[in-house]
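Working notes, beginning with the structure itself.
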Amino acid sequence: MVSPKKSGKKVRTRRTIVSGPSSPSKLEDRDILLKKAAVWLRKKDPITRKLIDSVGPCALKTIGAPYQVLIKSVLGQQLSVKVALTFERRLIALAGTKKIPSPDQILRIPNGELRRIGVSQAKTETVKRIAEAYKSGLISDSKLRKLDDSAAMELLCSLKGVGPWTAEMVLIFALDRWDHFSINDLILRKAVEKHYGILKDDKKEIQEFLKSFSPYRTVLSWYLWADVDGGDGWG
């Protein structure tokens, strides 16, 4: 469902704050590292080279803090980008805030009010569970930033209602980790089938094939997302 923005505009240069085993080094300019990643991927095979050349410079970027992206991802589970953004705006309006409500603000919203704006019972419970976990200190943005990818995934998925896809969106769009392909993202699997000829439902073969694209599977994912829908997604 989720896709990062592709833009013809020059992306503002910034330094990487997060450093992890599959995130860009904070010592190097992030845009330079993205260009290096694209160059590396172009050398993999003619299909990938054609994909990258057709899309253009990679504009992969983070879109918020881990908590914010986690809430956004839960609201967006199994929905189109447009519908997910609608629910996000409704939640913000309901809380009377200008951005994703804080844990305390979410906990003050009655479940019935969340249901009234169209959030399912399961997602309502998950959002409240996330807010409780943050309020209690079980999980925090700073804690997630210090964890390696597997530990961050494990912590996120320990929350009922947060599965691998949701956790991977946090790693990609909040923690800026560059070696993830979300196998449960149907758009990505359709893009793999389109370009590489591997059936979208053959998850095992897709995962095996994509091992050779490590450590830049997130960057490849961005190109696949952008190719399918123009990158018109979160931002």
Side-chain angles (χ1 to χ4, degrees), residues 1-5 18 61-147 149-177 180-189 203 221 225 229 232-235:
M1 184 283 303
V2 180
S3 59
K5 278 191 176 179
V18 179
K61 65 179 181 179
T62 56
I63 59 172
Y67 167 75
Q68 295 172 319
V69 177
L70 183 54
I71 296 295
K72 288 165 69 78
S73 298
V74 169
L75 293 175
Q77 290 170 350
Q78 299 180 329
L79 297 175
S80 69
V81 172
K82 184 177 180 179
V83 174
L85 287 173
T86 296
F87 281 118
E88 180 185 336
R89 293 186 186 107
R90 288 177 182 174
L91 174 61
I92 291 171
L94 182 61
T97 57
K98 295 182 179 180
K99 59 182 181 179
I100 295 291
S102 69
D104 282 336
Q105 289 169 328
I106 282 181
L107 290 172
R108 287 198 293 267
I109 300 173
N111 286 12
E113 289 297 294
L114 289 170
R115 297 288 291 111
R116 185 179 61 79
I117 64 172
V119 180
S120 70
Q121 181 65 30
K123 289 183 181 180
T124 293
E125 292 173 358
T126 300
V127 165
K128 289 296 186 76
R129 201 173 290 119
I130 291 169
E132 287 282 7
Y134 265 84
K135 184 175 181 178
S136 70
L138 174 65
I139 186 171
S140 68
D141 288 354
S142 60
K143 184 181 293 187
L144 286 169
R145 291 189 176 105
K146 294 174 184 177
L147 296 175
D149 292 8
S150 60
M153 286 284 293
E154 183 177 357
L155 178 57
L156 288 165
C157 290
S158 70
L159 299 174
K160 185 179 179 181
V162 176
W165 179 88
T166 304
E168 284 162 345
M169 296 305 104
V170 175
L171 265 67
I172 291 171
F173 293 112
L175 299 178
D176 209 19
R177 307 295 173 87
H180 289 275
F181 179 95
S182 183
I183 195 63
N184 292 312
D185 192 299
L186 182 58
I187 289 178
L188 286 180
R189 298 205 315 274
K203 294 183 179 181
S221 297
W225 270 318
D229 64 7
D232 184 17
W234 286 350

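- Every pair passing salt bridge (Lys or Arg N to Asp or Glu O under 4.0 Å) that includes a residue from residues 109-121 is listed here, sequence neighbours excluded: Glu113-Arg116.
- Classified by interplanar angle (parallel below 30°, tilted 30° to 60°, perpendicular above 60°), the ring pair Tyr134/Tyr67 is perpendicular.
- Interatomic distance, Met153 CE to Arg177 CZ, rounded to the nearest 0.5 Å: 11.5 Å.
- Contacts of Thr166 classified as side chain to side chain donor-acceptor pair (under 3.5 Å), with partners at least two apart in sequence or in another chain: Gln77.
- The distance from the CG atom of Leu188 to the CH2 atom of Trp165 is 10.5 Å, given to the nearest 0.5 Å.
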Step-by-step side chain to side chain contact (heavy atoms under 4.5 Å, CB included) determination, Leu171 to Leu156 = CA-CA 10 Å; Leu171 265 67; Leu156 288 165; 3.9 Å; yes
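- Ile63 CD1 to Asp176 CG: the interatomic distance, rounded to the nearest 0.5 Å, is 11.5 Å.
- Side-chain atoms of Ser221 and Ile172, non-hydrogen and from C-beta on, never get closer than 4.5 Å to each other.
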Donor-acceptor pairs under 3.5 Å, side chain of residues 89-97 to any protein atom, not counting sequence neighbours: which ones?
unit_1 : atom_1 : unit_2 : atom_2 : d
Arg90  : NH1    : Ile117 : O      : 2.8
Thr97  : OG1    : Lys99  : O      : 2.7

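- A pairwise comparison of heavy atoms in Val162 and Ala167 identifies CG1-N, 4.3 Å as the closest pair.
- Taking all atoms of both residues into account, the shortest heavy-atom contact from Lys61 to Phe173 is O-CD2, 3.7 Å.
- Distance CD/Gln68 to OG/Ser102: 10.5 Å, rounded to 0.5 Å.
- Arg189 contributes a side-chain N or O that, together with a main-chain N or O of Ile183, makes up a donor-acceptor pair within less than 3.5 Å.
- The side chain to side chain contact (heavy atoms under 4.5 Å, CB included) search around Ala151 returns Leu147, Asp148, not counting sequence neighbours.
- Annotation: side chain of Ile130 is not in contact with side chain of Ile106 (no heavy-atom distance under 4.5 Å).
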Report the C-alpha separation of Leu159 and Thr126 in whole Å, then their side-chain angles, then the decisive distance to 0.1 Å, and conclude whether the side chain to side chain contact (heavy atoms under 4.5 Å, CB included) test is met.
-> CA-CA 8 Å; Leu159 299 174; Thr126 300; over 6 Å; no
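- Here salt bridge (Lys or Arg N to Asp or Glu O under 4.0 Å) pairs that include residues 117-143, with residues two or more places apart or in two chains, are Asp104-Lys135.
- Closest heavy-atom contact between Val69 and Ala174: CG2-CB, 3.7 Å.
- With sequence neighbours excluded, the residues satisfying side chain to side chain donor-acceptor pair (under 3.5 Å) with Ser140 are Ser142.
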